[in-house]
Amino acid sequence: MTAKMHLGYDLSWIQLEGRWRLPGSWTNATYPDIRIFKELALIAERGLLDFMFWGDGTGIPSTWKGNRDAAVHWGVGWPRQDMSPYIAALSQITSRIGFGLTYSSTYMHPFYTARLLNSLDHVTNGRMAFNIVTSSRKADAQNYGFDELMAHEQRYERMEEFVHVCKSLWASVEPDAFIWDRETGQMADPSKVKAIEHRGKFFNVMGPLPCVPSPQGRPVLVQAGASPRGIRASANFADMVFAASPGLEKQVRHRQALDAALTAEGRDPLSVGIVWDVVLIVGETEEDAKRRHQQLLSAVPLEAVGAFMSHGLGYDLSTLPDRFTVEEINAEIVKRNASPVAFLNTTAGIDPKETITKKDFYEIIRHHTAGYDHAIVGTAAQVADYLEEVFVATGERGGFMIAHPPAVPRDLLNIVDFLVPELQRRGRFRKEYRYQTLRENLLES
Ligand SMILES: Cc1cc2nc3c(=O)[nH]c(=O)nc-3n(C[C@H](O)[C@H](O)[C@H](O)COP(=O)(O)O)c2cc1C
């Protein structure tokens, strides 16, 4: 049987970096008008997508030139609402599509997070995924009492303990603990409700979770580590992995590294898919797709690019020397405890040892910020060819997260009306939701 892909739709950026003003975006509405999100949820569910996704970061970018002016002016990395109440509302007008929500294990507390996600899993009737991130941006850290980023290794140590506590809490009340016997008045069975008595390096949590077990028991756990330490964390607990698409060769290596890490954890590599982050511009014709692709470049002014990239990398790119190598700059980024691999992935097209000028570099990152350099552009058939190639080369497990859509709802309609039918014709995508919960729909192969 032909293995099927899973598809997520990333709504983290639809109001950011100039996308809000492209043709077909937010017409007669401004962020965070829930009516646009409702429209998107209905379209995405009509397209049988697995889930809608929201990433998170809480700091307004301030690394570029040491202040937040450019970010505030151009709408870089902000505004960003907490999406949990939105998900609750969207779940009431849909019945099958899942919802991916992000919180940082570096700043949040596992007890609060476990309880919140339990409630969301009830409200959505078992359609929650939880993307756990360590957060690599200083502006986020400063909102939670840290002057500098916690060391990369320590952030991951904390993440693993955070997830262990959450999982223990979600299991602390057994699925059949509640009796609700109106005759006797007994509500629950004390032998099925247990404290977790966790005492660890980062957290002390007694438990149990004071909640009714949710339809999925716990949300689908997603993680996007790309460094060797991050991949080890994925192997430790993730049900599904998110990853960037820096080129097929690196993606095949990522898949191999994850498989080895899963085997080392005693888990079956076949059971954990990777959902690759892709920018797709699907047109009814190739010309139409190319025209929309071109529009991306008009969305982001140069100053916004500097603010965007400096925030993500934890390095003020306005201080770049006139000539440098990617390798030299990456060494500076690593010193500041941000991701050791994110800059290398961002500049995948440049030889890390080659000297480049600041001017050429800015042009490259302008294309990157807009998603222009890594967008897959074409008709549904052309885009489906690309997706199939990556899917097959990386072991036919997981699928794709359609990220950074230039303009919504316009671009989501093109995915649902053109790409989805093409993938269905090829036997690569579902023709109906078979199950109620996200876990069952998403982890089905
Ligand atoms: C699809 C995808 C979504 C991500 N979402 C977030 C996010 O919402 N917030 C965040 O701080 N980091 C996010 N990240 C970054 C990852 O959590 C991770 O830090 C990054 O891939 C670098 O790997 P490392 O932490 O192992 O160095 C995302 C990465 C990917 C590929």
Side-chain angles (χ1 to χ4, degrees), residues 6 8 50-56 82-84 87-88 90-91 96-106 108-134 156 158-178 188-189 192-198 200 202-203 205-225 233-242 262 265-268 271-273 275 398 433 435-444:
H6 294 276
D50 288 82
F51 61 93
M52 304 164 79
F53 170 73
W54 289 272
D56 202 26
D82 185 314
M83 294 311 294
S84 53
I87 288 172
L90 300 180
S91 71
R96 290 292 186 276
I97 190 152
F99 304 98
L101 184 61
T102 301
Y103 286 113
S104 169
S105 53
T106 306
M108 302 298 282
H109 195 283
F111 185 84
Y112 174 78
T113 313
R115 189 164 175 240
L116 173 66
L117 283 158
N118 167 286
S119 290
L120 281 169
D121 205 46
H122 277 289
V123 171
T124 61
N125 201 9
R127 291 186 280 149
M128 286 307 299
F130 174 25
N131 176 39
I132 308 127
V133 298
T134 65
Y156 272 108
R158 184 176 154 118
M159 176 187 271
E160 286 177 353
E161 190 180 326
F162 182 104
V163 172
H164 172 74
V165 172
C166 286
K167 281 168 92 171
S168 306
L169 286 167
W170 288 319
S172 65
V173 180
E174 289 181 30
D176 58 351
F178 281 84
D189 177 349
K192 295 184 174 173
V193 180
K194 299 201 181 76
I196 67 166
E197 296 180 40
H198 176 84
F202 299 94
F203 309 106
V205 180
M206 176 59 79
L209 199 68
C211 299
V212 178
S214 72
Q216 295 188 112
R218 59 179 170 82
V220 174
L221 299 177
V222 185
Q223 203 269 341
S234 297
N236 180 259
F237 62 77
D239 297 314
M240 182 68 91
V241 169
F242 286 163
L262 284 162
E265 287 276 345
R267 297 180 67 195
D268 178 7
S271 68
V272 182
V275 171
Y433 291 111
Y435 306 102
Q436 169 59 47
T437 67
L438 174 63
R439 178 176 298 280
E440 292 166 297
N441 284 319
L442 182 63
L443 303 187
E444 180 191 32

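Only a predicted model underlies this, so the values are computations on that prediction, with no experimental measurement involved. Atom set for the values below is all heavy atoms of this structure, side chains included, hydrogens, waters and symmetry mates excluded.
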Got a second to check how far Thr106's OG1 is from Ile132's CD1, nearest 0.5 Å? 11.5 Å
Nearest atoms (heavy-atom pairs only) where Leu120 meets Ser84: CD2-O, 3.6 Å
Verify side-chain contact (heavy atoms from CB on, under 4.5 Å) between Tyr156 and Gln223, making sure each step is shown before the conclusion. CA-CA 11 Å; Tyr156 272 108; Gln223 203 269 341; 3.2 Å; yes
Those residues that, when tested against Asn131, pass side chain to side chain donor-acceptor pair (under 3.5 Å) (two or more places apart): Thr102
Partner set under ring-ring contact (aromatic ring centres under 6.0 Å, His included) for His198, not counting sequence neighbours: His164
If you take all heavy atoms of Arg158 and Ser105, which pair is closest and at what distance? NE-O, 2.7 Å
Taking the side chain from Gln436 and the backbone from Asn125, do they hold a donor-acceptor pair closer than 3.5 Å? yes
Using only atom types and a distance under 3.5 Å, with no angle test, would you say the side chain of Asp189 pairs donor to acceptor with the backbone of Ala177? no
Under the ring-ring contact (aromatic ring centres under 6.0 Å, His included) rule, collect the residues that match up with Phe111, sequence neighbours excluded. none
Mind checking whether Met128 and Leu438 have side chains closer than 4.5 Å, heavy atoms only? no
Do any N or O atoms from the side chain of Ser214 and from the backbone of His122 form a donor-acceptor pair under 3.5 angstrom? no
Residue pairs meeting salt bridge (Lys or Arg N to Asp or Glu O under 4.0 Å), one or both in residues 115-129, sequence neighbours left out, come to none
Please test Arg267 against Val272 for side-chain contact (heavy atoms from CB on, under 4.5 Å), starting from the C-alpha separation and ending with a verdict. CA-CA 9 Å; Arg267 297 180 67 195; Val272 182; 3.5 Å; yes
Taken in chain and number order and not counting sequence neighbours, the residues that satisfy ring-ring contact (aromatic ring centres under 6.0 Å, His included) with Phe178 are Trp180
List in chain and number order the residues that pass side chain to side chain contact (heavy atoms under 4.5 Å, CB included) with Lys194, two or more places apart in sequence or in another chain; answer none if no residue qualifies. Glu174
Trace of the side-chain contact (heavy atoms from CB on, under 4.5 Å) decision for Leu101 with Ile87: CA-CA 9 Å; Leu101 184 61; Ile87 288 172; 3.9 Å; yes
Sequence-distant partners of Asp56, salt bridge (Lys or Arg N to Asp or Glu O under 4.0 Å), two or more places apart: none
Is any side-chain heavy atom of Val193 closer than 4.5 Å to one of Ser172? no
Is a side-chain N or O of His6 found less than 3.5 angstrom from the main chain of Leu442, in a donor-acceptor match? yes
Glu161: salt bridge (Lys or Arg N to Asp or Glu O under 4.0 Å) partners, not counting sequence neighbours: none
Shortest non-hydrogen contact from Pro110 to Leu169? O-CD1, 4.2 Å
Heavy atoms, side chains only, cut-off 4.5 Å: are Val222 and Val220 in contact? yes
Considering all heavy atoms, the nearest Gly225-Ser234 contact: N-OG, 4.1 Å
Do Glu265 and Phe237 make a side-chain contact, defined as non-hydrogen atoms from C-beta onward lying under 4.5 Å apart? no
With sequence neighbours excluded, what pairs up with Thr113 under the side chain to side chain contact (heavy atoms under 4.5 Å, CB included) test? Tyr103, Met108, Leu117, Phe130, Phe162
CD (Glu440) and OH (Tyr435) are apart, to the nearest 0.5 Å, by 6.5 Å
Just wondering, do Met240 and Val275 contact through their side chains at under 4.5 Å, heavy atoms? yes
Phe53 ring center near Phe242 ring center (under 6.0 Å): yes
Please examine the side chains of Ile97 and Met52, heavy atoms only from C-beta on, and report whether any two atoms are closer than 4.5 Å. yes
With sequence neighbours left out, write down each residue that passes side chain to side chain contact (heavy atoms under 4.5 Å, CB included) with Ala195, or none if nothing qualifies. Glu197, Met206, Pro208
Between Asn118 and Cys211 the two heavy atoms that sit nearest each other are OD1-CB, 3.5 Å
Residues at least two apart in sequence or cross-chain that pass side chain to side chain contact (heavy atoms under 4.5 Å, CB included) with Arg218, listed by chain then number, are Lys167, Trp170, Leu221, Asp239, Arg439
Residues that Asp268 engages under salt bridge (Lys or Arg N to Asp or Glu O under 4.0 Å), provided they are two or more places apart: none
